[in-house]
A.B. asks: 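Take a look at this one; I'll ask things after.
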There are 2 protein chains.
Amino acid sequence: MALPPDATVADAGEFGLIEAFTALFEQGEHVLIGPGDDAAVLRIRNGHVVVSTDLMVEGRHFRRDWASAEDVGHRAAAQNISDINAMGGSAHSLTIGLAAPADLPAAWALDFARGFAAECASVGASVVGGDLTRADEIMVAVTVIGSCTQAPVVRSDAVAGDVLALTGRQGWAAGGLAVLGRGFRSPRVLVEAYRRPQPPYAAGRIAAEAGATAMIDVSDGLLAEAGHLADASGVAIDVRRSAFDLAEPLVAVGSALGADPLQFILGGGDDHALLATFPDAAAVPDGWLVVGAVSEGSGVTVDGGEYDGPTGWTHF
Amino acid sequence: MALPPDATVADAGEFGLIEAFTALFEQGEHVLIGPGDDAAVLRIRNGHVVVSTDLMVEGRHFRRDWASAEDVGHRAAAQNISDINAMGGSAHSLTIGLAAPADLPAAWALDFARGFAAECASVGASVVGGDLTRADEIMVAVTVIGSCTQAPVVRSDAVAGDVLALTGRQGWAAGGLAVLGRGFRSPRVLVEAYRRPQPPYAAGRIAAEAGATAMIDVSDGLLAEAGHLADASGVAIDVRRSAFDLAEPLVAVGSALGADPLQFILGGGDDHALLATFPDAAAVPDGWLVVGAVSEGSGVTVDGGEYDGPTGWTHF
């Protein structure tokens, strides 16, 4: 599609945009019919089909002045692929719905689709379908489909005596978001962590094979997610402050903003780290950090007591 | 959830709403893990997995003064299930994303979910997951997953010599929409057809088994969809005016609004009728109406000539 640089999505038109989007979406071998028909058709081998869906709304989940369109595309794909990861599965197919104002630059929509496609391609997944429509604000709706070759790991099977472990960067995206919220652009490594999370995509399946008893991805805050595990499993979880490495950029941001850097780790989401329970420390795979313990009871504590900092994010 | 009748979604809270929604969503036997974990997990027998996704935005795809929340829920599910129907498949699992203003009545959200669940249940499909978030306007994002036990029927395999056939009510929803647009509420049967389409859900699989060469569901207008078939297949399609039954309510609306009632049939969508091509009239299953013919060439004609009425709907 040859469009002037200031063309809007309305100028490009629905079918022009669909054509341009589709050209960006390479189809994997499992895709029998990709975008362009009433539905996509996938060849799936035996095993479980794993499905998740997420919405992102401009101003609430992203800001165009804080992240590029490509960044937003990467994040939209990453947070969905991560949900399949947290079941011990592998994502293979995604659909993308984009609602946008008529005056949205077509270049923004195309860059968004480019980032989305690149994140999917990084795990070998295909963008198999989508929908475009006009709205007053930008909304992105993603559904991801994956497969699970072993039993999926749910939130509800942690038991007293398990250890709690974490893998992936944690707190970096929250640090980056705090920096952006104060009008700064550095430390750049944290801002980049917010803009393009790097979830530990391979770790979910490995944890499942290693015998993880429960697992969740950290999108709403570490303590909030630990709370979801505790509630679903009917157990208590204690998190140890001393378990965490305070990476240098987090320390720097903490002192610049006058905040305890640990609050980014305990309260932050958006990195899409994985939090899981294992029967004992010996079962915890390489690359995971033991950060707490599961016992009888209910609720989440930090070093045995209540935590009074921010613990996460709610949507209404 | 016991809420006062004037409670908003913000009053209900994210987790309260999720709990209330989930209670409405009965899970079929194929659902190993339903809503509430990072992802849903489905047991799927061998065969193709069929996927489609759609967005609906308030003011553009529905109006709260023209349809009840339950109606909007029914329609949101119906238009997605219909896409699986149009491939010759059967829908088994849907996800539902709802973005809504904080002051949306919680009762609206729950009635919407109730209608959505009822439409899914009518075909034996389960609502396996979803997402809720705040936005300035109501946006609904649905993804449907189905299975196809025979080869899926695509848009691109019609050939010259095929007949074009239609099944399901066609034009009734467009008639109802025209009535509502003029501020009327009758004929009630048309208004109801718009509010709660009754797509011919069983017909897609039967058409596939009968040897349909190409198929599409009529959501954007009959001639527009015939155009999609013609373009994708590289053929010409001629539609015959005399083929259509002019149902009495359509005639009544036509004379009340001073419009040709055939324009609702040729230009209308939203009933989610099915349009398909078959090798000959003998192959057309019971309940289908032969409405045209496929020949070499390109484009869509009506009675051999150009049609100058409205042909459909575009999204930007």
Side-chain angles (χ1 to χ4, degrees), chain A residues 9-10 12-15 17 32-33 36-44 46 48-57 60-61 83-84 86-87 89 93 95-97 99 102 128-137 139 141 143-146 148 152 154-156 215-217 232 314-316, chain B residues 9-10 12-15 17 32-33 36-44 46 48-57 60-61 83-84 86-87 89 93 95-97 99 102 128-137 139 141 143-146 148 152 154-156 215-217 232 314-316:
Chain A
V9 290
E14 183 192 7
F15 293 108
L17 271 182
L32 190 65
I33 299 171
D37 218 299
D38 293 279
V41 182
L42 317 174
R43 278 189 215 92
I44 304 295
N46 269 333
H48 300 304
V49 172
V50 190
V51 188
S52 185
T53 196
D54 260 326
L55 302 177
M56 290 170 71
V57 177
R60 189 153 179 86
H61 300 99
D83 283 321
I84 303 301
M87 303 303 286
S93 307
T95 62
I96 176 78
V128 300
D131 195 18
L132 288 169
T133 193
R134 200 185 288 194
D136 293 338
E137 57 196 326
M139 183 183 75
T143 298
V144 58
I145 303 175
C148 220
V154 295
R155 299 179 177 187
S156 52
M215 187 153 57
I216 196 167
D217 90 307
T314 54
H315 297 267
F316 272 114
Chain B
V9 289
E14 183 191 7
F15 293 107
L17 271 183
L32 190 67
I33 300 170
D37 217 298
D38 293 278
V41 181
L42 317 173
R43 279 190 216 91
I44 304 295
N46 268 334
H48 299 305
V49 173
V50 190
V51 188
S52 184
T53 196
D54 261 326
L55 301 176
M56 289 171 71
V57 177
R60 188 154 180 84
H61 300 99
D83 283 321
I84 303 301
M87 302 303 286
S93 307
T95 62
I96 176 76
V128 300
D131 194 19
L132 288 169
T133 193
R134 200 184 288 193
D136 293 339
E137 58 196 324
M139 290 182 274
T143 298
V144 57
I145 304 175
C148 221
V154 296
R155 301 179 175 186
S156 52
M215 188 153 56
I216 194 166
D217 89 308
T314 54
H315 297 267
F316 272 113

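So you know, we letter chains A, B, ... as the sequences are listed, proteins then strands, and number each from 1.
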A.B. asks: What part of B/Ile216 is in contact with chain A, defined as an atom under 4.5 angstrom from a non-hydrogen atom: side chain, backbone, both or neither?
C.D. replies: both

A.B. asks: Please report the shortest heavy-atom distance between A/Gly129 and B/Thr53, naming the atom on each side.
C.D. replies: C-CG2, 4.4 Å

A.B. asks: Show the nearest heavy-atom pair for residues B/Val57 and A/Arg134, with the distance to one decimal.
C.D. replies: CG2-O, 3.7 Å

A.B. asks: Quick one: list whatever passes side-chain contact (heavy atoms from CB on, under 4.5 Å) with B/Ala39, sequence neighbours left out.
C.D. replies: A/Val50, A/Ser52, A/Ile84, A/Met87

A.B. asks: Between A/Val51 and B/Leu42, is the side-chain contact (heavy atoms from CB on, under 4.5 Å) condition met? List the steps.
C.D. replies: CA-CA 8 Å; A/Val51 188; B/Leu42 317 173; 3.9 Å; yes

A.B. asks: Rounded to the nearest 0.5 Å, how far does CZ of A/Arg60 lie from OG1 of B/Thr133?
C.D. replies: 5.0 Å

A.B. asks: Find the distance between CG (B/Leu55) and CG (A/Asp131) and round it off to the nearest 0.5 Å.
C.D. replies: 4.5 Å

A.B. asks: Whether the side chain of A/Asp37 engages the backbone of B/Val154 through a donor-acceptor N/O pair (distance < 3.5 Å, no angle test) should be reported.
C.D. replies: no

A.B. asks: What's the separation between atom SG in A/Cys148 and atom CG in B/Leu32, rounded to the nearest 0.5 Å?
C.D. replies: 9.5 Å

A.B. asks: Mind running side-chain contact (heavy atoms from CB on, under 4.5 Å) on B/Met139 and A/Glu137 for me, showing each step along the way?
C.D. replies: CA-CA 10 Å; B/Met139 290 182 274; A/Glu137 57 196 326; 3.9 Å; yes

A.B. asks: What part of B/Met215 is in contact with chain A, defined as an atom under 4.5 angstrom from a non-hydrogen atom: side chain, backbone, both or neither?
C.D. replies: backbone

A.B. asks: Out of curiosity, B/Ile145 CD1 to A/Thr143 OG1, how far, rounded to the nearest 0.5 Å?
C.D. replies: 7.5 Å

A.B. asks: Taking only residues two or more places apart in sequence or in another chain, which ones pass side chain to side chain donor-acceptor pair (under 3.5 Å) with B/Asp217?
C.D. replies: B/Ser82, B/His272

A.B. asks: Among A/Ile96, A/Asp83, A/Thr95, A/Asp38, which has the most heavy-atom pairs under 4.5 Å with chain B?
C.D. replies: A/Asp38

A.B. asks: Of the listed residues (A/Ala141, A/Ala232, A/Pro152), which shares the most heavy-atom pairs with chain B below a 4.5 Å separation?
C.D. replies: A/Pro152

A.B. asks: Just verifying a value: how many Å separate B/Ile33 CD1 and A/Arg155 CZ, rounded to the nearest 0.5 Å?
C.D. replies: 11.0 Å

